[in-house]
Amino acid sequence: TTPAAEWGVVTDPTRGTAASVGQRRVRPLEDLMRDDKVVLAKLRREEVLALQLYTGPMFVKYNAVLRGFPAGHVQGLAGNRYATTLHAVSSGLLKL
């Protein structure tokens, strides 16, 4: 998968449904925004999107940024540090 494909999976309900195979279940953003925990924590849409990306295949790329390894994954980042997304992940986790 690619970052662009994963963005589509979490922002487009049709693509999210198509990606929900095996053990992976992608809940539509609108459903997540109504979840009691999301409402109680007052999470913003951006935080929910970032957290949903973090819990999917993008976890590998984000962890390569945060940990600086494995070397092959770090090189594959091509300098992309995902700063905004990781900030939203951190912000959302702090609220939870």
Side-chain angles (χ1 to χ4, degrees):
T1 189
T2 66
E6 288 305 312
W7 177 258
V9 166
V10 299
T11 58
D12 178 353
T14 302
R15 290 173 71 181
T17 299
S20 295
V21 294
Q23 292 184 356
R24 185 176 188 191
R25 296 288 175 258
V26 182
R27 290 178 58 191
L29 178 61
E30 296 310 317
D31 288 355
L32 290 171
M33 292 305 299
R34 289 188 295 268
D35 186 278
D36 291 342
K37 292 176 185 166
V38 170
V39 173
L40 184 63
K42 298 180 182 173
L43 292 177
R44 297 173 47 111
R45 293 177 69 84
E46 296 85 353
E47 293 163 334
V48 174
L49 281 169
L51 289 166
Q52 192 171 23
L53 286 166
Y54 185 73
T55 60
M58 290 300 294
F59 170 84
V60 173
K61 291 187 179 287
Y62 299 155
N63 264 3
V65 170
L66 296 169
R67 297 177 183 213
F69 71 91
H73 289 292
V74 173
Q75 287 177 336
L77 296 171
N80 190 339
R81 306 294 295 169
Y82 297 100
T84 302
T85 306
L86 289 173
H87 176 78
V89 168
S90 177
S91 177
L93 287 173
L94 287 171
K95 289 180 179 181
L96 289 171

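Heavy-atom basis, side chains included; hydrogens, waters and symmetry copies ignored.
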Side chains of residues 14-23: which donor-acceptor pairs under 3.5 Å do they make with residues two or more places apart or in other chains?
unit_1: T17; atom_1: OG1; unit_2: P13; atom_2: O; d: 3.0
unit_1: S20; atom_1: OG; unit_2: G16; atom_2: O; d: 2.9
unit_1: S20; atom_1: OG; unit_2: V26; atom_2: N; d: 2.9

Do any side-chain atoms of residues 44-72 form donor-acceptor pairs under 3.5 angstrom with protein atoms, and if so which ones, sequence neighbours left out?
unit_1: R44; atom_1: NE; unit_2: E46; atom_2: OE1; d: 3.3
unit_1: R44; atom_1: NH2; unit_2: E46; atom_2: OE1; d: 3.4
unit_1: R44; atom_1: NH2; unit_2: E46; atom_2: OE2; d: 3.4
unit_1: R45; atom_1: NH1; unit_2: E30; atom_2: OE2; d: 3.0
unit_1: R45; atom_1: NH2; unit_2: E30; atom_2: OE2; d: 3.1
unit_1: E47; atom_1: OE1; unit_2: R44; atom_2: N; d: 2.7
unit_1: E47; atom_1: OE1; unit_2: K95; atom_2: NZ; d: 3.0
unit_1: E47; atom_1: OE2; unit_2: S91; atom_2: OG; d: 2.5
unit_1: E47; atom_1: OE2; unit_2: K95; atom_2: NZ; d: 3.1
unit_1: Q52; atom_1: NE2; unit_2: R27; atom_2: O; d: 2.9
unit_1: Y54; atom_1: OH; unit_2: N63; atom_2: OD1; d: 3.4
unit_1: T55; atom_1: OG1; unit_2: L51; atom_2: O; d: 3.3
unit_1: T55; atom_1: OG1; unit_2: Q52; atom_2: O; d: 3.0

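Screening residues 2-11 for salt bridge (Lys or Arg N to Asp or Glu O under 4.0 Å), with sequence neighbours left out, gives E6-R24.
V74 and L86 are not part of a single hydrophobic cluster, where members link through side-chain heavy atoms under 4.5 Å apart.
Residue L96 holds its CG atom at 5.0 Å from CG of L43, rounded to the nearest 0.5 Å. Remark: T11 OG1 to W7 CH2 distance equals 6.0 Å, nearest 0.5 Å.
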